[in-house]
Amino acid sequence: MTVRIEKKIKGYAVVTPDDKAKESAKAAEVAAPVATPDDNVIQMHERIERPEVLIGSTYKIKSPLVEHAMYVTINDIVLNAGTEHEHRRPFEIFINSKSMEHFQWIVALTRIMSAVFRKGGDVTFIVDEMKAVFDPRGGYFKAGGVYMPSLVAELGSIVEDHLKSIGMLHDPEMSEHQRALIAEKRKQFEERSKKNAESGQAGLSSAAEHPEDIAVTGEGASFPPTATMCHKCSTKALVLMDGCATCLNCGYSKCG
């Protein structure tokens, strides 16, 4: 085949059979479709089947927001039983009550929570998420003077107590200085209450206008019946001492 060249030749190159083979390979790669994976889901642990028998605990909730009590059962699975690496982890949760008012969301909540438990890993985040739920109608004080912003928050508190009992969560250790400070404040309040009761004289603070003894308010907690809620520990244990609001539960003081 004759090719007529109408322009001035500035350079030339000889195409060898190897060059033709390389060009064919490149063209085939461009034409081939790019393979994509089906999904990017990576299973980080093996699937654990439910044993025939599980161990667990049942907790009772008596809230003023519902007519009947609720019974919360959390069942645990024992991993590596009989070894030094034995652990007890939550596996499923059930909530039972005579009240059918909250039946739908309770069933949905328990199924989702059970699915999270079975997934494994760090499930302690559920506690913070549930305790941050607030009821638009307002919360309530449960026995012991602890404030609960909602029924879901109390469920979260129960899950927290259960995780602490099986060793997944731990309370922050209170220093000896803080323990001694709380004990000193409680002793001062008791002595002042007794002194006011004996003398019959009104004190300078509103807490001493009506002398009162520290009384048990529930769950073994002993705080004055007229104490207000501490915003730090959410416990009804805040009293006025020497013109300063002081918590008899966690040691918080408004004056520092």
Side-chain angles (χ1 to χ4, degrees), residues 44 50 54-77 88-174 217-221 223 225 227-238 245 247-252 254:
M44 301 301 293
R50 187 188 189 282
L54 292 174
I55 57 177
S57 303
T58 300
Y59 305 86
K60 181 180 179 181
I61 295 180
K62 191 64 181 76
S63 169
L65 301 181
V66 292
E67 182 180 359
H68 301 283
M70 290 185 176
Y71 297 89
V72 183
T73 300
I74 304 178
N75 292 330
D76 304 319
I77 186 172
R88 183 173 167 180
R89 294 293 181 263
F91 192 80
E92 60 190 10
I93 180 172
F94 301 98
I95 301 177
N96 187 30
S97 176
K98 292 181 179 179
S99 177
M100 300 296 292
E101 180 183 0
H102 306 286
F103 177 77
Q104 293 186 20
W105 69 261
I106 285 179
V107 172
L109 183 64
T110 54
R111 290 184 179 180
I112 293 174
M113 292 178 65
S114 297
V116 173
F117 288 159
R118 293 191 185 100
K119 192 67 177 178
D122 185 8
V123 300
T124 57
F125 72 93
I126 291 182
V127 172
D128 293 331
E129 294 295 334
M130 296 180 68
K131 292 177 70 174
V133 176
F134 291 83
D135 192 326
R137 297 174 297 177
Y140 56 92
F141 286 94
K142 71 173 187 177
V146 180
Y147 178 75
M148 288 297 156
S150 65
L151 185 58
V152 176
E154 186 164 2
L155 290 174
S157 179
I158 285 179
V159 175
E160 180 181 26
D161 293 339
H162 185 78
L163 295 183
K164 289 178 181 179
S165 67
I166 63 176
M168 286 193 69
L169 284 177
H170 302 279
D171 283 323
E173 294 185 1
M174 192 178 295
T217 56
E219 297 184 356
F223 305 116
T228 57
M229 186 183 71
C230 173
H231 296 285
K232 183 177 181 180
C233 64
S234 297
T235 305
K236 202 173 181 181
L238 197 68
C247 180
L248 300 179
N249 182 58
C250 67
Y252 164 79
K254 190 175 182 180

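If you read the sequence from its start, that first residue is 1, and numbering goes on from there.
- With hydrogens and angles ignored, the 3.5 Å screen pairs a side-chain donor or acceptor of S114 with a backbone N or O of I93.
- For CZ of R50, the number of neighbouring non-hydrogen atoms (other residues, nucleotides, ligands) closer than 6.0 Å is greater than 12.
- With rounding to the nearest 0.5 angstrom, the CG atom of L163 is 7.5 Å from the OG1 atom of T124.
- In this structure, Y140 and S150 approach most closely via the heavy-atom pair OH-O, 3.8 Å.
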Donor-acceptor list for residues 67-75 side chains, cut-off 3.5 Å, not counting sequence neighbours:
unit_1: T73; atom_1: OG1; unit_2: T58; atom_2: OG1; d: 3.0
unit_1: N75; atom_1: ND2; unit_2: E92; atom_2: OE2; d: 3.0

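- Scanning both residues, R89 and I166, for their nearest heavy atoms gives CA-CD1, 4.2 Å.
- With values rounded to the nearest 0.5 angstrom, Y147 atom OH is found 12.0 Å from E154 atom CD.
- Atoms CD1 and CD1, from I158 and I61 in turn, are 3.0 Å apart once rounded to the nearest 0.5 Å.
- Between F91 and R118 there is a side-chain heavy-atom pair separated by less than 4.5 Å.
- Minimum interatomic distance between L151 and V66 (heavy atoms only, all atoms of both residues): CD2-CG1, 3.9 Å.
- Within the 4.5 Å cutoff, side-chain heavy atoms of P90 are placed close to those of V123.
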Please evaluate residues L155 and I95 with respect to the criterion side chain to side chain contact (heavy atoms under 4.5 Å, CB included), reporting the C-alpha separation (whole Å), side-chain torsions for both, the decisive distance (0.1 Å), and the verdict.
CA-CA 10 Å; L155 290 174; I95 301 177; 3.9 Å; yes
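- Every pair passing ring pair (Phe, Tyr, Trp, His ring centres under 6.0 Å) that includes a residue from residues 97-124 is listed here, sequence neighbours excluded: H102-W105.
- Contact of the S157 side chain with the K142 side chain is registered, since non-hydrogen atoms from C-beta on lie closer than 4.5 Å.
- Residues passing the side chain to side chain donor-acceptor pair (under 3.5 Å) test with S99: none are found, sequence neighbours excluded.
- With a 4.5 Å cut-off on side-chain heavy atoms, L109 and M130 count as touching.
- To the nearest 0.5 Å, atom NE2 of residue H162 and atom CG of residue L169 are 11.0 Å apart.
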